[in-house]
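We name chains A, B, ... by the order of the sequence lines, and we start the count at 1 in each one.
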Amino acid sequence: MMLLSMAYQLTLHENLIEKLLSPANLDNAWKRVKANKGSAGIDGMTIDDFPTFANANWEHIKTQIAQGTYRPSPVLRVNIPKPDGGTRKLGIPTVLDRFIQQAIHQVLNPLFDPHFSPYSYGFRPNCNAAQAVTHLQTGIKSGRKIAIDIDLSKFFDRVNHDLLMHKLGLKIKDKVLMKLIGRYLRARIVEHGKRVKPTQGVPQGGPLSPLLSNIMLDELDKTLEKRGHHFARYADDFTILVKTKRAGERVLTSISLFIKQILKLVVNEKKSRVGAVKETRFLGFGFKYGRIKIHDNSLQRFKYRVRELTNRNWGIAMSKQIASLNRYLRGWGNYFLIANDYQLCVDLDQWIRRRIRMCFWRQWRKPRSKVKNLLKRGVPLALAISCGATRKGVWRSAKTKGINQALSNEYLANAGLVSLRDIWIKIHHG
DNA sequence: GTCACCTCGCA
RNA sequence: GGAUGCGAGGUGAC
Ligand SMILES: Nc1ncnc2c1ncn2[C@H]1C[C@H](O)[C@@H](COP(=O)(O)OP(=O)(O)OP(=O)(O)O)O1
Ligand SMILES: [Mg+2]
């Protein structure tokens with residue numbers, strides 16, 4: 001019995017490096033790194049350079065990995081703006097290290113993922129944001145009216161190395177692999193040519209980092225489950241549902257304490273709150289009367305983007321413009337239209353069509369819009385004539401009428417403009 | 001059903 | 001400008 005379990009452990013956990021270095025695993029890892037088409041790390045080596053480099057050096061690197069002597073290169077620090085105005089510190093490993101981390105990810109994920117909480121939805125195979133949101137919805141429908149939103153401050157940047165290594169050590173018995181991961185955590189960061197030693201955090205940009213972050217918060221999930229809370233977590237974004245405000249306040253303080261003391265992470269006090277579910281924002285959604293709504297901020301961003309896509313550039317072929325508008329609408333709709341609000345779709349469709357007509361109206365006012373140019377761009381004849389007529393002194397109303405006629409909803413539908421209404425129907429009765 | 005490329009959304 | 005996972009649409013090859 002003991003022998004059996006030891007043999008089991010040996011094959012499953014102690015020989016992970018071999019699995020890691022197996023040709024099939026490496027092949028998949030490289031495919032993925034290549035498909036992401038990322039840029040070079042600190043060594044300047046691009047995706048295209050890598051195959052020739054690997055042909056010459058991989059055997060050597062492979063031996064180093066197997067023997068536990070491989071040392072990762074430092075990561076390149078790049079600051080990019082966040083939507084909220086702050087900056088996000090990316091840590092970009094070299095292509096070689098992304099390849100190796102990806103290979104590690106593929107070995108570790110099947111080991112850890114099956115044991116994660118079913119209410120953790122971020123960075124996991126077969127899990128998506130819609131599932132997380134609908135899970136919250138069922139909790140709301142069953143009478144929970146109070147939501148606790150907790151946000152972690154600079155989540156990836158503050159992961160505690162010792163604690164993470166401890167959690168990894170509980171499952172990974174392969175000392176060589178543990179050492180390699182430890183070296184990845186301690187890989188130097190290069191910013192403005194200076195090397196700094198990280199004391200905490202996983203790089204935002206490392207293929208392994210998302211999995212490590214889930215391993216880090218797994219204990220939180222399990223604790224919430226054990227306490228019988230209805231919750232959903234997506235990366236560091238999570239919402240817990242309770243019945244009363246009093247219970248909410250109590251849970252917020254106790255969970256905050258857990259996060260600070262046990263997980264050694266920092267709760268973003270400003271973004272954390274407890275209140276009615278109708279005030280909650282989770283993954284771009286909100287809730288109202290037990291229904292999923294698109295949050296105002298998400299709608300605002302949508303309208304801004306549609307304005308951007310319609311405002312200028314109508315000087316070029318209209319079919320091109322409709323195509324780019326279409327792919328945006330499809331992508332956006334397929335994510336957000338799980339919100340069960342049919343009327344909103346109809347309204348948005350109408351809003352989009354009005355915008356398109358309005359942009360034409362503005363543009364054809366300009367003298368350079370000659371009728372035959374309009375025709376060349378694929379503008380319907382009736383519209384072109386009406387614009388020509390306007391410049392000859394016919395009333396504006398004639399132009400408006402011409403545009404409305406020429407760019408009718410029917411015409412735009414024929415031109416292939418997708419409607420959110422159709423996407424909604426496909427999602428809700430498909 | 002698999003894979004490749006392009007696009008959109010969320011953390 | 002880095003990454004993961006998932007979902008969606010399109011083009012293409014088996
Ligand atoms: N574009 C991205 N690239 C890499 N990792 C990301 C990206 N967006 C989000 N993440 C990961 C790392 C973040 O720590 C984690 C949570 O994201 P987010 O809450 O937006 O920022 P944050 O937790 O780092 O800062 P903040 O203090 O503003 O909450 O998800
Ligand atoms: Mg955060």
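- When the nearest nucleotides of RNA chain C are assigned to A/N128 and A/G205 by heavy-atom distance, the more 5′-ward of the two goes with A/G205.
- Heavy atoms of A/N126 sit under 4.0 angstrom from primed sugar atoms or phosphate atoms, though from no base atom.
- Distance A/Y184 OH to C/G2 P: 18 Å, rounded to the nearest Å.
- Listed nucleotides B/dG9, C/G9, C/C6 differ in distance to A/P125; the shortest reach to its side chain belongs to C/C6.
- For A/D236, taking side-chain heavy atoms from C-beta onward, the closest of the listed nucleotides C/G9, B/dA11, C/G1 is B/dA11.
- For the pair A/Q101 CD and C/A3 P, the interatomic distance rounds to 11 Å; values are reported in whole Å.
- Using a 4.0 Å heavy-atom cutoff across all strands shown, A/Q102 reaches sugar-phosphate atoms only and no base atom.
- Counting only N and O atoms by type, the side chains of A/N404 and A/R353 include no donor and acceptor under 3.5 Å apart.
- A/L337 has its CG atom 13 Å from the P atom of B/dG9, to the nearest Å.
- Nearest-nucleotide mapping onto DNA chain B: of A/R305 and A/A235, the residue sitting toward the 5' end is A/R305.
- Using cut-offs of 30° and 60° on the angle between ring planes, the pair A/Y184 and A/Y70 is tilted.
- Of the candidates B/dG9, C/G2, B/dA11, C/G2 carries the atom nearest the A/P93 side chain, counting heavy atoms from C-beta on.
- Side-chain atoms of A/T239 and A/D149 include a donor-acceptor pair closer than 3.5 Å.
- Among the heavy atoms of the strands lying under 4.0 Å from A/L90 is at least one base atom, whether or not backbone atoms are also near.
- Position along RNA chain C of the nearest nucleotide to A/S39 versus A/G331 favours A/S39 as the more 5'-ward residue.
- Atom CD1 in A/I427 sits roughly 18 Å away from atom P in B/dC8 (whole-Å rounding).
- Close to B/dC10, at under 4.0 Å from its OP1 or OP2, lies a side-chain N or O of A/R301.
- We find that CD1 of A/I104 is positioned 14 Å from C1' of C/A3, with the value rounded to whole Å.
- Within the 4.0 angstrom heavy-atom criterion, only backbone atoms of the sugar-phosphate kind lie near A/F336; the bases stay farther away.
- Residue A/S209 places no side-chain N or O under 4.0 Å from the OP1 or OP2 atom of C/A3.
- For A/S142 and A/R144, the side-chain atoms include at least one donor-acceptor pair closer than 3.5 Å.
- No hydrogens or angles were tested; on distance alone, nothing pairs the side chain of A/Y335 with the base of B/dC8 as donor and acceptor under 3.5 Å.
- Rounded to an integer number of Å, the gap from A/L299 CG to B/dC10 P is 12 Å.
- Within 4.0 Å of A/G122, counting heavy atoms only, lies no atom of the nucleic acid at all.
- Counting non-hydrogen atoms under 4.0 angstrom, A/N326 reaches nothing in the nucleic acid.
- For the pair A/L283 and A/A35, nearest-nucleotide mapping onto DNA chain B gives the more 5' position to A/A35.
- Regarding contacts with the backbone of C/A3, a side-chain N or O of A/R98 is found under 4.0 angstrom from either OP1 or OP2.
- We find that CZ of A/F99 is positioned 15 Å from P of C/A3, with the value rounded to whole Å.
- Side-chain contact, A/T46 with A/D49: a donor N or O sits under 3.5 Å from an acceptor N or O.
- Considering only the side chain of A/R330, C/G9 comes nearest among B/dA11, C/G9, B/dG9.
- Counting only N and O atoms by type, the side chains of A/N79 and A/E191 include a donor and acceptor under 3.5 Å apart.
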